[in-house]
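The structure under discussion appears below in the form of structure tokens.
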Amino acid sequence: MNENDIKRISRLTAILTQLQTKRLLTATELAGKFAVSSRTIYRDIRALEQAGVPILTHEGQGYSLMEGYKIPPVMFSENEANALITVEQLVVKNRDSSLIKEYQQAIDKIKAVLRYSTREKTELLSKRVAVSPAISGINTSNSLMLIQNALTNFQVINITYQSEDINKKTERLIEPFALYYSLQENWTLIAYCRLRKDYRMFRLDRMLKIHQTELKFNPHTLTLQDYLAEKEKKFNTPDTPLS
């Protein structure tokens, strides 16, 4: 097996991983990611199909894996495992306890599929990475996972929100749009507020009550980049919480 064969096998495996990660991928996207021509990607897709992988071709849109098809767990390289372990040290310092719990459970599953030698090295690395104590590890919210689910399922959430004036509280129905985080502050939810009939930024630590409703909303056409650009233009900083 020559070097070109090895590169192709590696690329075919990576294409499979990408197809399992995303719902739809175009040949142009894959060609750009792997620095090859679109014609090469077409040949790779045909090779995977001939190997029995059920790849669906959506005319004018791209490729996807057949619903329900799963590939065996992919082994992480040492560098990939080290990157995840390093990020873990940052995650445990974030302000939302639900994120910490879910991330650590995910990391445990990843460690379970690592080669023994790699697992030993990641355990050593986890003991040799520290985050500055200047970054507080105090948890101020526990609702990030609920909000993420509402955001991706286009479900309205009901919150009781406390403004900067601690004596002022309002109950609102909001449509989750995006999440913003600053190490100096807290998780902030950007959402369309049905009370104010406009987009607002809500700090999670000021949400006194929160629950996911059965109400649905249409996906927002505004992009996060456009929203932040407009915020920066107006207030000179994109993370000024509004209520």
For Val156, is there any backbone N or O sitting under 3.5 Å from a side-chain donor or acceptor partner on Thr213? yes

Minimum heavy-atom distance between Gly62 and Leu24, given as atom pair plus value: C-CD1, 4.0 Å

Between Tyr192 and His220, how do the two ring planes meet: parallel, tilted or perpendicular, split at 30° and 60°? tilted

The reported gap from OH in Tyr63 to CD in Gln18 (rounded to nearest 0.5 angstrom) is 15.0 Å

Between Ile100 and Val92, the two heavy atoms sitting closest are CD1-O, 3.6 Å

Is there a donor-acceptor contact under 3.5 Å from the side chain of Arg203 to the main chain of Thr188? no

State, yes or no, whether a side-chain contact exists between Leu65 and Leu56 at a heavy-atom distance under 4.5 Å. no

Determine whether Ile157 and Leu173 make a side-chain contact, defined as any pair of heavy atoms from C-beta on separated by less than 4.5 Å. no

Donor-acceptor contact below 3.5 Å, side chain Thr40 vs main chain Val36: no

When you measure from the side chain of Tyr161 to the backbone of Lys209, do you find a donor-acceptor pair of N or O atoms at a distance under 3.5 Å? no

Rounded to the nearest 0.5 Å, what separation is found between the CD1 atom of Ile210 and the CZ atom of Phe202? 10.5 Å

Could you tell me whether a side-chain N or O of Asp96 sits under 3.5 Å from a main-chain N or O of Leu144, the two making a donor and an acceptor? yes

For Lys93 and Tyr181, which heavy atoms make the closest approach, and how far apart are they? O-OH, 4.1 Å

For atom NZ of Lys127, decide whether the heavy atoms of other residues, nucleotides or ligands shown that lie under 6.0 angstrom number more than 12. no

Strictly distance-based, threshold 3.5 Å: is any side-chain N or O of Thr86 a donor or acceptor partner for the main-chain N or O of Asn82? yes

Between Asn94 and Val91, is there a donor-acceptor pair closer than 3.5 Å when you use the side chain of the first and the backbone of the second? yes

For Ile138, look at atom CD1 and say whether over 12 heavy atoms of other residues, nucleotides or ligands are found less than 6.0 Å away. no

Would you confirm whether Gln20, through its side chain, and Thr17, through its main-chain N or O, come within 3.5 Å as a donor-acceptor pair? no

Residue Gln61 excluded, over 12 heavy atoms near CD under 6.0 Å: yes

Over 12 non-hydrogen atoms of neighbours within 6.0 angstrom of CG in Asn218: no

Taking the side chain from Asp226 and the backbone from Leu222, do they hold a donor-acceptor pair closer than 3.5 Å? no

Considering all heavy atoms of both residues, which atom of Ser141 and which atom of Asp205 are nearest to each other, and what is their separation? CB-N, 4.4 Å

